[in-house]
Amino acid sequence: MATAAELDDCRRVAEEAARLGGRELLRRFGDHGRVDYKTAPTDLVSEADRASETRIVELLRARRPGDGILAEEGSDHVGDSGLRWVLDPLDGTVNFVSGIPFWCVSVACEQQTPDGWWPVVGVVHDPVHDETFCGVRGGGAVLNGVPLTRRAGVTLGEVVLAAGYAYDVAHRRVQAAVVTDLAGDVRGVRMLGSTALALAWIAAGRCDAYVEDRTFRWDWAAGQVIAVEAGAAVEVSGSRVLAAPPELIDGLRPRVATLG
């Protein structure tokens, strides 16, 4: 397992990488360049995504050459250190190209274990609002250096639920049915457009629960560490992510069982 000193070094590198990518994106916000489609017309990738990833990967290869890399836009690298970086250079691309100021850079570091890869460091950086959320497994979570702890004793009727929708338009009907079922029991429902930033907002107490399926590892790896270290429960089952107060997650799990 990684030592405390190594995790602290990874945290510093993750923060530097996320801010570096964020500066590249902020410079391009409002002038994002060419936009292409990946799996569907709703699944966008911009020149800004690629530029951010290039800058982040260059930094990671320079600072941590033995580590692996798993990146959304394909800049993968097989390492030999037992650690790998999982990054989304722009989470919330639809928001970004639409001029909506809710998007982020997500950088996680994972430890290889006998059961697979396990996120141990997570940084989610929101350049527009100059907010950097950081979590280290067993070391807590902070926002711009200030410790984060979720509010305790939340009832279902007090929950602000954030939800995400798939690129597959047909599958959105399944997702919408789940959210509709929950909508009558919670305080409010929000669709924010960035899994990583929504999980970070749970850590900050700005929303209380999150559900989405058809996600990828780079969508949730960093945010999971941050939310868990702030006291939330985060479960990943297949492609489904469910985050909630620990006292509510058992009740929510069967209600989102059709997702995944």
Side-chain angles (χ1 to χ4, degrees), residues 35-46 49 72-73 86 88 90-98 100-104 106 108 119 122 124 126 150 154-204 206-224 226-228 232-260:
V35 176
D36 295 318
Y37 305 121
K38 293 192 284 187
T39 61
T42 53
D43 185 6
L44 308 182
V45 58
S46 70
D49 293 72
E72 181 178 16
E73 306 310 334
V86 179
D88 191 334
L90 172 52
D91 190 38
T93 301
V94 173
N95 285 351
F96 183 88
V97 302
S98 301
I100 300 170
F102 193 89
W103 46 269
C104 68
S106 176
V124 172
D126 173 356
R150 72 165 191 94
V154 180
T155 66
L156 186 59
E158 296 172 314
V159 163
V160 174
L161 172 70
Y165 286 89
Y167 296 128
D168 178 356
V169 175
H171 185 64
R172 291 179 182 177
R173 295 184 177 89
V174 178
Q175 296 172 313
V178 170
V179 174
T180 299
D181 174 63
L182 291 168
D185 296 326
V186 299
R187 176 170 288 168
V189 177
R190 301 290 183 268
M191 183 180 174
L192 301 176
S194 165
T195 300
L197 199 47
L199 291 171
W201 273 31
I202 286 177
R206 297 171 184 172
C207 53
D208 304 290
Y210 184 78
V211 63
E212 183 177 4
D213 69 337
R214 303 293 174 89
T215 65
F216 297 93
R217 199 168 191 90
W218 46 74
D219 295 318
W220 54 260
Q224 181 194 47
I226 298 164
V228 167
V234 181
E235 295 182 352
V236 180
S237 177
S239 69
R240 186 187 73 212
V241 177
L242 173 63
E247 61 269 26
L248 297 180
I249 200 161
D250 287 344
L252 288 172
R253 191 182 303 113
R255 299 183 67 175
V256 302
T258 56
L259 303 178

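Note that the structure is predicted; figures quoted are calculated from it, not measured.
Exactly one of V86, L90, D88 qualifies for a side-chain contact (heavy atoms from CB on, under 4.5 Å) with S106. That residue is D88.
Sorted by first then second residue, the salt bridge (charged side-chain N to carboxylate O under 4.0 Å, His left out) pairs that include residues 194-204, not counting sequence neighbours, number zero.
No side-chain heavy atom of D208 sits under 4.5 Å from any side-chain heavy atom of L161. Side-chain contact between L192 and L197: absent, with no pair of heavy atoms (C-beta onward) separated by less than 4.5 Å. The shortest side-chain heavy-atom distance between V211 and V241 does not fall under the 4.5 Å cut-off. The shortest distance between side-chain heavy atoms of L156 and L252 falls below 4.5 Å. Counting only heavy atoms from C-beta outward, the side chains of I249 and P245 never approach each other to under 4.5 Å. Looking at W220 and P119, their side chains come closer than 4.5 Å, going by heavy atoms from C-beta outward. A 4.5 Å side-chain heavy-atom check between V160 and V186 finds every atom pair outside the cut-off.
From Y210, atom OH reaches atom CG of L199 across 7.0 Å, with rounding to the nearest 0.5 Å. With rounding to the nearest 0.5 Å, the separation of NE2 in H171 from OH in Y165 is 10.5 Å. The structure places CG of L242 at 9.5 Å from CG of L259, a figure rounded to the nearest 0.5 Å. Atoms CD and CD1, on Q224 and I202 in that order, are 11.5 Å from each other to the nearest 0.5 Å. Here CD of E72 is found 6.5 Å from CG of D219. Values are rounded to the nearest 0.5 Å.
Scored by the ring-ring contact (aromatic ring centres under 6.0 Å, His included) test, F102 finds W201 as partners (sequence neighbours excluded). Considering only residues two or more places apart in sequence or on other chains, S194 meets the side chain to side chain donor-acceptor pair (under 3.5 Å) condition with D91.
The heavy-atom pair separating D126 from W103 by the smallest distance is OD1-O, 3.9 Å. Closest heavy-atom contact between D250 and P254: O-CD, 3.1 Å.
A donor-acceptor contact shorter than 3.5 Å links the side chain of T215 to the backbone of S239.
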- Message: Pair T155, E158 - check side-chain hydrogen bond (donor to acceptor under 3.5 Å, both in side chains), show working.
- Response: CA-CA 5 Å; T155 66; E158 296 172 314; 3.2 Å; yes
- Message: Quick one, E212 with T195, criterion side chain to side chain contact (heavy atoms under 4.5 Å, CB included). Give me CA distance, side-chain angles, the key distance, then yes/no.
- Response: CA-CA 8 Å; E212 183 177 4; T195 300; 2.6 Å; yes
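R253 and E235 are joined by a salt bridge, as a carboxylate oxygen and a charged side-chain nitrogen come within less than 4.0 angstrom of each other. A salt bridge between R255 and D185 is present, with a side-chain N of the basic residue lying under 4.0 Å from a carboxylate O of the acidic one. Between R150 and E247, at least one side-chain N (NZ, or NE/NH1/NH2) sits under 4.0 Å from a carboxylate O, which counts as a salt bridge.
With a 6.0 Å radius and a threshold of 12 heavy atoms from other residues, nucleotides or ligands, R206 has its CZ atom above the threshold.
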